[in-house]
Amino acid sequence: MANTHKRLKGRCPIINAFYSITLCCYSRKPLLANYLNARLISKELALFSKNNSLSTICYVIMPDHIHWLLQLNSNPDLSNLIRKFKNITTYRLNKQNGTEGKVWQSNYYDHKVRDGEDIINQARYIVANPLRAGLVDNIRKYPYWDCVYL
């Protein structure tokens, strides 16, 4: 995910568009393998969506990264929203764990969803991530995900 700022230069997110986002923990540390940390992120995703006028379609919290499918409802500034989410969760995770320092890599990956079929494909990809990683053999056994389609 190096040089994200170069890849995103000139890109203009659009209101009501869907985006698939991947946020990685700093140095790919498995900070989110901890139940309390994953639960905090899950709660923050719901609060952040509500407070920032975006819709979370689905997400999965992996040990060292998050996949998040969202729709921008009124604020088209995707990079600012991601920065804000990272700042809030960094503060709360550090406070919860009595730590200081970075939680997230400075960059992120985004994919603008093209159409309805792409939304379904992205949601399936996101939800199946713990299966592909070998964390569980059935997605029902994985506690850190949600999807409006299921």
Side-chain angles (χ1 to χ4, degrees), residues 1-5 7-8 11 13-14 16-73 78-79 81-150:
M1 281 200 270
N3 299 321
T4 302
H5 65 283
R7 189 175 49 76
L8 297 175
R11 203 161 196 190
I14 303 165
N16 294 326
F18 293 86
Y19 293 89
S20 178
I21 309 294
T22 302
L23 305 174
C24 295
C25 292
Y26 185 69
S27 297
R28 296 300 293 245
K29 292 181 182 172
L31 299 173
L32 308 177
N34 173 297
Y35 169 77
L36 293 176
N37 290 346
R39 188 174 76 170
L40 183 144
I41 294 297
S42 180
K43 286 181 181 180
E44 287 302 322
L45 283 165
L47 280 172
F48 191 80
S49 295
K50 181 180 175 185
N51 295 335
N52 290 280
S53 189
L54 60 90
S55 300
T56 292
I57 307 306
C58 72
Y59 68 85
V60 66
I61 300 168
M62 299 296 287
D64 64 354
H65 66 283
I66 297 172
H67 292 286
W68 184 13
L69 181 59
L70 58 88
Q71 181 182 24
L72 299 177
N73 294 335
L78 182 61
S79 355
L81 286 169
I82 298 301
R83 183 174 29 263
K84 188 175 176 182
F85 178 78
K86 286 179 174 183
N87 287 340
I88 290 167
T89 53
T90 295
Y91 171 78
R92 296 216 168 110
L93 282 168
N94 278 328
K95 185 176 178 183
Q96 174 174 284
N97 295 309
T99 57
E100 293 181 359
K102 295 181 180 182
V103 169
W104 304 107
Q105 289 183 3
S106 60
N107 51 19
Y108 65 94
Y109 176 79
D110 73 285
H111 165 78
K112 184 176 181 288
V113 177
R114 294 179 296 278
D115 54 33
E117 185 177 332
D118 196 18
I119 292 171
I120 298 298
N121 290 336
Q122 288 294 320
R124 286 179 179 153
Y125 172 82
I126 289 169
V127 171
N129 218 262
L131 297 170
R132 283 191 307 280
L135 299 175
V136 291
D137 59 3
N138 184 319
I139 193 60
R140 290 185 205 130
K141 295 178 183 177
Y142 196 74
Y144 314 125
W145 69 278
D146 193 16
C147 185
V148 298
Y149 297 127
L150 301 173

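Numbering of residues begins at 1 and proceeds along the displayed sequence.
- Closest approach of G101 and T90 over heavy atoms only: O-CG2, 3.6 Å.
- Here the side chain of N37 pairs a donor or acceptor atom with the backbone of L31 at under 3.5 angstrom.
- Both the sub-6.0 Å distance and the 45° axial angle are satisfied by R132 relative to the ring of Y125.
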Exercise. Please assess T89 against L45 for the test side-chain contact (heavy atoms from CB on, under 4.5 Å), listing each intermediate value before the final yes or no.
Key: CA-CA 9 Å; T89 53; L45 283 165; over 6 Å; no
Quiz prompt | Criterion side-chain hydrogen bond (donor to acceptor under 3.5 Å, both in side chains) on S55 and N73, from CA distance to verdict | solution = CA-CA 7 Å; S55 300; N73 294 335; 2.9 Å; yes
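- Using modelled atom types, no side-chain atom of D137 and backbone atom of L131 make a donor-acceptor pair closer than 3.5 Å.
- Nearest heavy-atom pair, E44 versus I88, reported as atom, atom and distance to 0.1 Å: OE1-CG2, 3.4 Å.
- One N or O on the side chain of K86 and one on the backbone of N107 form a donor-acceptor pair closer than 3.5 Å.
- Atom-to-atom distance recorded for L78:CG and Y19:OH is 6.5 Å, nearest 0.5 angstrom.
- The NZ atom of K102 lies 13.5 Å from the SG atom of C25; values are rounded to the nearest 0.5 Å.
- With hydrogens and angles ignored, the 3.5 Å screen pairs a side-chain donor or acceptor of Y142 with a backbone N or O of I61.
- Listed for the W68 side chain is no donor-acceptor partner under 3.5 Å among the backbone atoms of I126.
- Residue Y26 qualifies as open at atom OH: its count of foreign heavy atoms under 6.0 Å is 12 or below.
- From D110, atom CG reaches atom CD1 of I82 across 8.0 Å, with rounding to the nearest 0.5 Å.
- From M62, atom CE reaches atom OH of Y144 across 11.5 Å, with rounding to the nearest 0.5 Å.
- Put simply, CD1 on I119 and CG on N121 are 10.0 Å apart, with the number rounded to the nearest 0.5 Å.
- For the 3.5 Å distance criterion, the side chains of S20 and Q122 qualify, holding a donor opposite an acceptor.
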Quiz item: When you look at T22 and H65, which way does the side-chain contact (heavy atoms from CB on, under 4.5 Å) test go after all the steps?
Solution: CA-CA 7 Å; T22 302; H65 66 283; 4.2 Å; yes
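- For K84 (side chain) and N52 (main-chain N/O), no donor-acceptor pair under 3.5 Å exists by modelled atom type.
- For the pair D64 and S27, the minimum side-chain heavy-atom distance is 4.5 Å or more.
- No side-chain donor-acceptor contact under 3.5 Å links N97 to the backbone of T99.
- The heavy-atom pair separating I21 from L23 by the smallest distance is CG2-CD2, 3.9 Å.
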Quiz prompt | side-chain contact (heavy atoms from CB on, under 4.5 Å) between V127 and V60, intermediate numbers included | solution = CA-CA 6 Å; V127 171; V60 66; over 6 Å; no
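- Put simply, CD1 on I66 and CZ on F85 are 4.5 Å apart, with the number rounded to the nearest 0.5 Å.
- Across P130 and I139, no two heavy atoms sit closer than the pair CG-CD1, 3.8 Å.
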Quiz item: Stepwise, does the side-chain contact (heavy atoms from CB on, under 4.5 Å) test hold for S42 with Y59?
Solution: CA-CA 9 Å; S42 180; Y59 68 85; 2.6 Å; yes
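- Within the 4.5 Å cutoff, the side chain of L54 has no heavy atoms near those of the Q71 side chain.
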